[in-house]
Participant: 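Got a structure for you, questions after.
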Amino acid sequence: MYNRQRQFGAHAPEIEERLALLAEASRVLADASLEPPAVMERLCGLVVPLLGAACALRLLTEDGLWLRTVASASAVPESRARFQALLSQRVRADEGLAEEVLGTGEAQGVEAVLVLPLRARGRALGTLTVWRDAPAPSSFEPGEQLLLQELADRAAMALDVARAYAAERQARQAAEVAAGRLARLQHVTAELSEALTAARVAEVVLEQGLSVADAKAGGLWLVEPDATSALLLRCAGCTPDAAERLRRMPLTGDAPGTRCLRELKPVWLESEDALAAGGAERPASSSACLPLVVDGRALGVLVFTFGLPHGFDEDERAFLHLVAHHAAQALARARLLEREQRARAALREAHQTLEAIIQASPAAIMLLDPDGTVRMWNPAAERMLGWTADEVLGKVLPVVPPEHWEAFRQSLERATRGTVLDGAPLLGRRRDGSAVQVAVWTGRVHPASGPPQCLSVMVDITERQRGEAAQRFLAEAGGVLAGSLEEEETLERVAHLAVPAYAETCGVFLEDESGGVRCVATAGEGSDAEVPPPGLAVVARVIQSGRPETRSGLSEGDPTCARAGGTCAYLCVPLRVRGHTLGALTFVTSRRAYDAQDLALAQELARRAALALDNASLYRDARHAIRLREEFLSIASHELKTPISALQLQVQSLLAGLARSGAQFDPERLKRGLERVDRQVKRQTLLVNDLLDVSRLSAGKLELVRVPLELGALVREVAERFEPEYARSGTPLELSLAPEARGQWDRLRLDQVLTNLMSNALKYGRGNPVRVELEVTEARVLLRVKDGGIGIATEHLPRLFHRFERAVSERNYGGFGLGLWIARQIIEAMGGHIEVESVLGEGSTFSVELPRG
Ligand code: ADP
């Protein structure tokens with residue numbers, strides 16, 4: 001080991017010392033564990049003080065223009081400051097001694113300074129400069145120079161090796177980083193390839209991307225459809241406040257993200273300064289703004305922010321670029337997917353809507369092959385026609401009857417050629433065999449695959465046609481019914497209206513005055529029968545209740561139906577007008593069932609018929625009233641004139657007698673003459689009173705004066721008054737009067753009633769005995785006037801108590817036809833009741849019932 005304390009200049013180092021020095025140098029330089037600067041320091045430590053007072057090892061900068069001092073040493077502490085100043089300087093490599101040394105590769109010594117080149121593999125690496133202080137020998141001997149050169153060469157070699165090693169290590173590290181990034185990128189790409197939505201893409205890029213890129217925060221903005229701004233889709237590593245602030249990125253201006261989007265190029269912000277200059281709101285140490293570009297169009301921007309000042313080397317830029325590229329691809333894919341899903345959803349929805357329409361359609365919708373094979377059949381088709389989808393799918397349409405099939409098939413062919421069949425009528429049949437009238441719309445459809453098909457829409461127009469037919473029928477009926485005001489004719493017309501369209505047999509029934517039911521007209525097949533089905537019992541019930549009765553279905557062997565086979569349906573509807581039931585109409589058929597529509601039609605017909613009948617009866621009544629009035633006028637003139645003529649004759653005869661005989665005029669004859677005059681005047685007075693009563697009663701001015709009265713006494717009084725007349729005509733009069741028939745009545749008016757009844761009994765009694773009976777109960781009295789006279793025909797009975805009504809001819813019997821009417825008005829005003837029972841040719845009994853109060 002050489003003596004490190006020996007100083008240069010004391011004597012030239014011995015050969016052993018040199019060898020030891022070199023060996024030491026080799027050992028130091030071979031110490032691979034030391035970093036190059038430490039090795040160089042140790043080398044300088046070997047040179048000083050043995051070979052110089054100070055030394056400096058300088059290395060060329062990368063650009064080759066400067067020599068930078070990397071190690072130095074000085075022997076004595078006092079001189080260190082001087083040398084330090086000298087050594088710290090950077091020295092230009094292309095000037096003076098250094099240039100010469102580096103250029104030639106040979107050491108150059110100038111007095112006390114020796115500059116030696118550091119070279120390895122023919123390349124200059126730097127210099128080793130050695131200084132010597134006076135008084136030591138200022139120049140370097142060749143041996144020392146050789147030794148120093150040897151040291152310099154070894155140092156150069158060691159440096160070269162160290163540099164190669166460092167380069168290799170760096171390369172290895174870079175490769176490792178790249179491999180690591182690649183692995184992480186693969187991971188991100190794998191995740192991205194599975195991301196199906198933009199949100200998921202953003203999640204993967206930011207959650208994975210941050211760690212992959214070693215970034216502190218990041219965000220992904222998507223360009224809005226209107227391309228005026230980009231919206232933050234997701235961010236990571238930033239506060240909610242910051243996220244809110246950065247939510248919208250306008251596409252105008254010079255912010256880094258905006259610029260990046262506009263220029264479709266990444267923007268690298270490598271320092272806070274650059275960020276601030278780039279306009280970022282909150283400068284970070286460094287940032288990368290990466291456009292997300294697909295097909296030359298920016299979908300958005302991805303920004304990574306790094307916590308520490310960050311330079312982006314090529315590898316990292318390429319790496320981040322790749323992340324952005326994959327993110328953009330995934331975004332585009334997700335968008336396509338979303339669009340496709342939306343389109344699929346819209347298609348599905350459209351399909352469902354269409355399906356729902358078809359299912360809910362009230363019209364039958366069916367898809368048919370051109371040969372008529374059914375491919376689709378909706379619920380309305382099932383409801384309308386009876387077949388279920390399972391029964392018809394794949395089979396030929398069963399609705400069309402064989403006789404219409406060829407025409408239908410041809411229409412399908414025309415439809416497949418493009419002709420639209422617009423509401424063509426078709427008489428089809430249902431599954432149960434019943435007929436159905438449908439309107440068919442058929443058009444061509446092109447399925448996604450396969451030959452064209454026909455879409456047929458069928459609407460059941462049976463009801464509509466029935467409705468129209470019913471309207472036509474009613475309009476026609478209205479005309480027919482209005483055609484006559486004769487009741488008989490009207491009845492006949494009513495009966496014939498519904499046959500045969502709605503019934504095989506139709507009957508018209510009317511209620512007569514006595515409350516009985518008569519069949520007054522019939523039409524159709526059973527019209528020869530006296531009473532057509534369903535019979536009088538049903539009709540009477542309907543008239544009584546005013547409600548229709550029906551038997552819609554057909555039933556076997558029903559006795560109410562007289563027709564052969566015994567199956568029929570019937571409708572019996574009341575003839576109602578002005579709240580009153582006149583009678584009923586019956587409709588009978590054995591060909592089909594009656595339904596609600598038939599019933600409605602029958603009721604409407606009955607309503608119109610009742611109106612027509614009512615009109616006819618009003619017309620009849622009006623005519624009757626006119627006839628009565630004419631009769632009355634002729635009777636009145638006769639009745640009023642006859643007594644006056646008789647009176648006149650009587651008075652003239654008396655006057656002539658008096659003129660002839662003077663005082664000798666026979667007083668007996670005068671008395672008889674005056675009695676006749678008196679009778680005529682009384683008769684006249686009665687007639688005039690009746691006429692006065694008519695006008696009074698018609699005006700509702702009957703005023704009763706009730707007084708306590710014993711009716712038996714009144715009967716006797718009236719009977720006495722009639723005695724002469726009864727005697728004259730030889731009519732016996734019998735009275736059978738219960739005693740004490742007391743009550744509160746109008747005496748004069750009851751006198752009037754009794755007078756009328758007894759005068760009629762005399763007038764129409766044919767001289768047969770007349771009997772007046774009076775019965776008394778607790779609350780009432782009952783008076784009967786019975787005669788054995790001409791009697792009254794049954795049909796006249798109900799109207800006898802009406803004004804001007806008479807049951808006899810004016811030629812045979814005089815009278816206004818007012819007496820009974822007046823009597824009824826009086827009796828009813830007193831709360832009583834008058835009625836008649838009579839047998840034509842046998843006599844009549846008039847009964848008056850009066851309450852006693
Ligand atoms: P008239 O003045 O015609 O007698 P009434 O009102 O008294 O009028 O009677 C109406 C009709 O009733 C008569 O025209 C007659 O046809 C019938 N009539 C009334 N009383 C009798 C009777 N006792 N017997 C038969 N017919 C009668």
Side-chain angles (χ1 to χ4, degrees), residues 513 624-625 627-643 680 682-698 702 715 718-719 722 725-726 729-735 749-773 783-829 833-848:
E513 286 85 350
H624 182 64
R627 188 170 52 74
L628 285 181
R629 197 193 59 191
E630 279 163 2
E631 263 175 39
F632 167 75
L633 287 176
S634 80
I635 293 169
S637 61
H638 173 73
E639 289 286 303
L640 290 172
K641 216 175 130 201
T642 314
Q680 296 296 350
K682 274 186 183 151
R683 186 169 155 70
Q684 202 69 15
T685 310
L686 276 178
L687 288 174
V688 171
N689 275 344
D690 275 359
L691 288 175
L692 280 174
D693 276 347
V694 171
S695 58
R696 227 180 274 143
L697 289 170
S698 299
L702 182 65
V715 173
V718 176
F722 269 100
E725 278 187 69
Y726 270 68
S729 65
T731 304
L733 176 64
E734 292 169 36
L735 300 181
R749 287 297 178 185
L750 276 189
D751 187 323
Q752 193 178 351
V753 172
L754 279 168
T755 306
N756 181 265
L757 293 180
M758 289 184 68
S759 112
N760 278 354
L762 181 67
K763 185 157 69 171
Y764 304 110
R766 293 194 299 197
N768 291 329
V770 171
R771 184 179 167 80
V772 181
E773 296 170 357
L783 177 86
R784 282 195 209 92
V785 179
K786 293 184 176 178
D787 67 63
I790 60 171
I792 304 158
T794 318
E795 67 265 27
H796 296 312
L797 288 174
R799 51 181 190 83
L800 276 192
F801 295 95
H802 291 229
R803 226 175 351 177
F804 307 128
E805 292 288 359
R806 310 188 73 231
V808 289
S809 98
E810 62 191 272
R811 275 194 299 278
N812 299 331
Y813 296 96
F816 287 162
L818 289 171
L820 287 180
W821 180 72
I822 293 168
R824 189 180 118 207
Q825 303 300 311
I826 292 168
I827 298 299
E828 287 181 356
H833 174 71
I834 182 167
E835 62 185 24
V836 60
E837 284 171 44
S838 181
V839 177
L840 192 63
E842 289 186 14
S844 314
T845 302
F846 286 85
S847 306
V848 174

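Values below: every heavy atom of this structure, side chains too, minus hydrogens, waters and symmetry copies. Atoms within a ligand are numbered from 1 in the order they appear, just like the ligands themselves. Because the structure is a prediction, the values reported are computed rather than measured.
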Participant: Verify, without hydrogens or angle tests, whether Arg784 (side chain) and Arg771 (backbone) share a donor-acceptor contact under 3.5 angstrom.
Facilitator: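 No; zero donor-acceptor contacts below 3.5 Å.
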Participant: Could you list the residues that satisfy side-chain hydrogen bond (donor to acceptor under 3.5 Å, both in side chains) with Ser759, not counting sequence neighbours?
Facilitator: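 For Ser759, no residue satisfies side-chain hydrogen bond (donor to acceptor under 3.5 Å, both in side chains) once neighbours in sequence are set aside.
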Participant: Who's touching ligand 1 if we go heavy atoms under 4.0 Å?
Facilitator: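 Ligand 1 pocket, heavy atoms under 4.0 Å: Asn756, Asn760, Lys763, Tyr764, Asp787, Ile790, Gly791, Ile792, Leu800, Glu805, Arg806, Ala807, Val808, Gly815, Phe816, Gly817, Leu818, Gly819, Leu820, Ser844, Phe846.
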Participant: Would you please name every residue forming a side chain to side chain contact (heavy atoms under 4.5 Å, CB included) with Glu795, sequence neighbours left out?
Facilitator: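 For Glu795, the residues satisfying side chain to side chain contact (heavy atoms under 4.5 Å, CB included) (neighbours in sequence not counted) are Ala793.
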Participant: Could you list the residues that satisfy ring-ring contact (aromatic ring centres under 6.0 Å, His included) with Phe804, not counting sequence neighbours?
Facilitator: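 Phe804 satisfies ring-ring contact (aromatic ring centres under 6.0 Å, His included) with Phe632 only.
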Participant: Rounded to the nearest 0.5 Å, how far apart are NE2 of His624 and CD of Glu805?
Facilitator: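 The CD atom of Glu805 is 3.5 Å from NE2 of His624, to the nearest 0.5 Å.
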Participant: Got a donor-acceptor contact below 3.5 angstrom from the Arg806 side chain to the Tyr813 backbone?
Facilitator: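 Checking the backbone N and O of Tyr813 against the side chain of Arg806, a donor-acceptor pair under 3.5 Å is found.
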